[in-house]
Amino acid sequence: MHKRFDHREIEKKWQEKWRTDGLYDIGERDQTKEKEYVLVEWPYPSGNLHIGHWHAFAVPDIYVRYRRMNGVQVLYPMGFDAFGLPAENAAIKHKLNPREWTESNMAYMRKQLDSMGNAFSWDKTTSSTDPEYYKWTQWMFTKFFEHDIAYRGEGVVNWCPGCHTVIANEQVQSDNTCERCDSIIEKKKMPQWMIRITDFANELIDDIEPLNWPDHIKESQKNWIGRSKGAEIDFVLSVGEKVTIFTTRPDTLFGATYLVLAPEHELVQKYKNQILNLTEVGQYIKTSSQKAEADRLDASKEKTGVKLEGITATNPGNNEQIPVYIADYVLAGYGTGAIMAVPAHDERDFAFAKKFSLPVKQVVGKICGRRESIGKHRTGVYGLLQNEKGEYLIQHFKKHNYHWLPGGGLEDGEDHEECLMRELKEETGFSNFTNITKLTEIFLDYTPKAGNESARNHSIIYFAKVDSSNQGDISLTPGETEHGLSTEWVPPDKIDQYLRNTSMEERSEFIKTAIACAEGGNYAGGGILLNSCEFDGINSDEAKVAITRKVGGRLTNTYRLRDWSIGRQRYWGTPIPIVYDPEGRAHPVPLEHLPWRLPEDVDFTPTGEAPLAKSAELKQRTEELFGAGWTPEVETMDTFVDSSWYYLRYIDNHNAAEFSSLEAQKTWLPIDIYFGGAEHNTMHLLYSRFWLKALKRLGLAEHAEPYARRVNRGLILGPDGNKMSKSKGNVVDPDEQVERVGADTVKMYLAFMGPYGEMANYPWDMGGIAGLRRFLERIYGLSDHLKNEMSEGEENLLHKTIKKVTEDIKVFKFNTAISAMMIFVNQVEKTGLTKGSYEILLQLLAPFAPHLTEELWATAGKTTSIHTCAFPTFDPELAKNDTVTIGVQINGKVRGQITVSPSAAENEVLAAVQATEQLQTRLSESTILRVVYVPGKILNIVIKD
RNA sequence: GCCCGGGUGGCGAAGUUGGUAGACGCGCAAGACUUAAAAUUUUGUGGCCGCAAGGCCGCGCGGGUUCGAAUCCCGCCCCGGGUACCA
């Protein structure tokens, strides 16, 4: 019978002791120790800690404690991101002050956070609503304003005509109506405070590469920024004005058969008197302003648009007159808000052209090729095309697990080129390849795993010269195949999909077709132009430059990323520290008047006016400080601004003279690990990365990147497997759980659910948590099993356990670390353990169950905290196994097992297998063709019956 | 729609430089203890066939490569996150 422990008493006792001892306060930087800055996303004080907060804060605490036990000075701060909409909504609903609501929430949540027993560095805390915090948010804004990083610009907002105010996307219902008044929401351009984040777009893309982040997050960030190389080209309209379009495909200029402007494009308003169908156009503009952006871009939805009657444009390539449309698949905020439409080479343009019966003119050829599977060691794709000099471009795309073989298996004495020539002859039936030259190798975007460099994906391009006398049998029309009209280049990884229905028998015919089709162009950036006057026959990459130059265009990058609109017509946020002089010019509020306090005399119920506009005190304050006729800015800042620099305040939270000294930054930055949820992988990470770069540009920061490493956690679901929500009634209250089974159990259960660094979803399971409680109870009773002598295998198991726990904590696989300790306990409960082993187990467990282990440590007679001990180390020799059981396969199927020494040689193992009665019978009547032996893993015997 | 993830027993999962699929925990079943229950404890537990030995099938679905595939390649399906004023 196990002793049960009283978690309520133990946890309370030790939390108080740790607090009075200041055990976790970080204090000054201790230069004798390595530093580590572990950051978790600061919570919004919604009023109640939920189980997701536990998952976010208590599980990384395991790592923090582990590192401290390794002698590292680990900064693990916590604070509150306390401005935001929910406080204002609660205030409106319950007629309270947002500050009171927020502060009482923070006080309550602080108690809840304390109940975790985490090793938080509370001496470094801060909160975004603290005037000493937002003072610096404001100061940085004024610096950005002075350096033109912050500016007054135009932004697109959700405008509710009913409430007469801007509303959040979240407040827009799925039918595009306002959640408060059900009016239809309109997109509206309004003057906005903007941050010039696009100025940093290149740095934000380029600096991300060296970071120790998961590739998928880097990918998300890059995609969000969406850099595309292209060109701006001016088209002259019949009204005499130029319109600048952006295109990523200037090489297709000659295929532009119409022009499309975003409905919001300024020229539409400017020349509305020239538009003959203005009523129809006006109607369309209104309708599209009422559509969500995602709907406008939805490729599956039918394209809409209206022709601007009375206006045409001149294609600067060929001087053709082409019609001008407005269509909402073109966005005002991307590129220049105007495009040249090339239906032959853009899917969206093609769909639009089909609907409006516009001409489609192809100006590059199409992809040709076929998937091959020849012989044992290769599979690949050939693409062939011909340029104007009568040369064939042959592309061979190859993906193989073992190694890359250009063109396939080399025969004796053959080099790569000879090999490819031979195979091309065999495969195509053409015998007239006379010369073949490797042009270039392309490494596809793929990172080889360590030690396996040969396995990367290649594409290799060869030029093959062909005797031109033998081309009579190639005659097909470019652009036409059984696959229909091609409207885009097909990238290498889509070739399989494109060609999958082609059978092996058609091979020779297909490749002939491919060669013929290739008279037009190709894919992968090397296309050849058609129907483009003097550019015919030129490679499309060259044509991009040449055509842009010819028509006076400019090669540019454009970004999907838009400048950051930070103004909010809300009360509960950091006031934008700007005042306007009587002439309406904006001036930053100088440092001596910061913090520019949020006024208290405000009615924040929505009336259509920004809440701060209603403050008499703010008006008066402005006039007093700056003079009569001066007026305050009445907008507050997006809360993403507050959370863009909180990690800088943590490290210097009492500094009254600076937001964060360079000294503190040198000491603590960069953040070594930033734990957080996937929901912040794009916007928050991008904004905060930007913020530091902007500070650095102004000489206010030391580093260019804040987060050296990013780790995502999964999501905790309700017991029913759905996302927790009050309406579903599946919310798990952590306080109840802690009361019932204790903080250590809750923490360990969350750690045990699955690997921490993976973005899976984990349903909460009441039975599962009971299992962890049982485990801790067994630990509590383990001192009954103490004995003086080591049992057989105890030392080996102990060292294996230390090894496993150590290795797993380092990679945040707390689940398997716990499982290793369970295996240890399962064993020693049967055989007993020495006091030494027992104490090491407690130390291993200390980061996971800090209260219980501290209690047992004290019970064992120790007078100092277990959390100040060094983490146990293992001896690799003692952790080794002297035998290993491997699987025996026959023709790839497992037919038995055999226990051998890990270092046994293949012939020894094979002999042992042949001596085994059970396997002998299977082997005796057969011929062994091949034996594959992987030491420590398997022995596979390939036989023929 | 677009971008990024995830999918392995009844459940959470382990196992990924390709090498015995299901460690550990939950649940379930049977036994011990108990007047009984709870708690505790022992044993068993992927599915199908078989008394057993053993066999066949199994990692969302369909193909492929390989002596060998959860793992690599191609094509799909379902679920989750983000989508710029929720934080």
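Numbers restart at 1 for each chain; the letters A, B, ... are given by sequence-line order, proteins then strands. Both backbone and side-chain heavy atoms feed into the values below; hydrogens, waters and symmetry mates do not.
Note that A/Arg713 lies outside the cation-pi zone of A/Tyr756, set by a 6.0 Å cut-off to the ring centre and a 45° limit from the axis. For the pair A/Lys303 and A/Phe352, the cation does not sit on the ring face, since its NZ or CZ is not both under 6.0 Å from the ring centre and inside 45° of the axis.
Map A/Gly887 and A/Gly771 each onto its nearest nucleotide of RNA chain B; the residue landing nearer the 5' end is A/Gly887.
Residue A/Val932 has its side chain nearest to B/rG19 when only B/rC24, B/rG81, B/rG19 are considered. Comparing B/rC67, B/rC85, B/rG19 by their closest approach to the side chain of A/Asp638 singles out B/rC85. The side chain of A/Leu772 approaches B/rG25 more closely than any other nucleotide in the set B/rG68, B/rG25, B/rA13.
Dashed line: the shortest gap from a side-chain N or O of A/Asn169 to OP1 or OP2 of B/rA84 is under 4.0 Å. Contact check, A/Lys937 against B/rC67: no side-chain N or O comes under 4.0 Å of OP1 or OP2. Between A/Asn223 and B/rC4 there is a side-chain N or O to OP1 or OP2 distance below 4.0 Å. For the OP1/OP2 pair of B/rG27 and a distance below 4.0 Å, the side-chain nitrogens and oxygens of A/Arg774 include at least one atom meeting the criterion. For B/rC56, the OP1/OP2 oxygens have a side-chain nitrogen or oxygen of A/Arg895 closer than 4.0 Å. Within the 4.0 Å cut-off from OP1 or OP2 of B/rC4, not a single side-chain nitrogen or oxygen of A/Lys222 is found. The phosphate of B/rG82 (OP1 or OP2) has no side-chain N or O of A/Thr682 nearer than 4.0 angstrom. A sub-4.0 Å separation between OP1 or OP2 of B/rC85 and a side-chain N or O of A/Arg568 is present.
When the side-chain contact (heavy atoms from CB on, under 4.5 Å) test is applied to A/Thr899, the partners found at least two apart in sequence or on another chain are A/Thr883, A/Thr885.
Remark: B/rA84 base-pairs with no nucleotide; criterion is Watson-Crick or G-U wobble with both hydrogen-bond distances under 3.5 Å. B/rA69 is unpaired under the Watson-Crick or G-U wobble criterion, no partner having all donor-acceptor distances under 3.5 Å.
Using a 4.5 Å heavy-atom threshold, the side chains of A/Thr636 and A/Thr574 count as separate.
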Could you go over nucleotides 57-61 of chain B and give all protein N or O partners under 3.5 Å, atom names and distances?
from   : atom 1 : to       : atom 2 : distance (Å)
B/rC57 : OP2    : A/Lys893 : NZ     : 3.0

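Among the atoms of the strands shown, none is found under 4.0 Å from any heavy atom of A/Pro43.
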Checklist entry - Reading nucleotides 6-12 of chain B 5' to 3', which nucleotides get B (base under 4.0 Å from a protein heavy atom), which S (sugar-phosphate only), which -? => result ------B
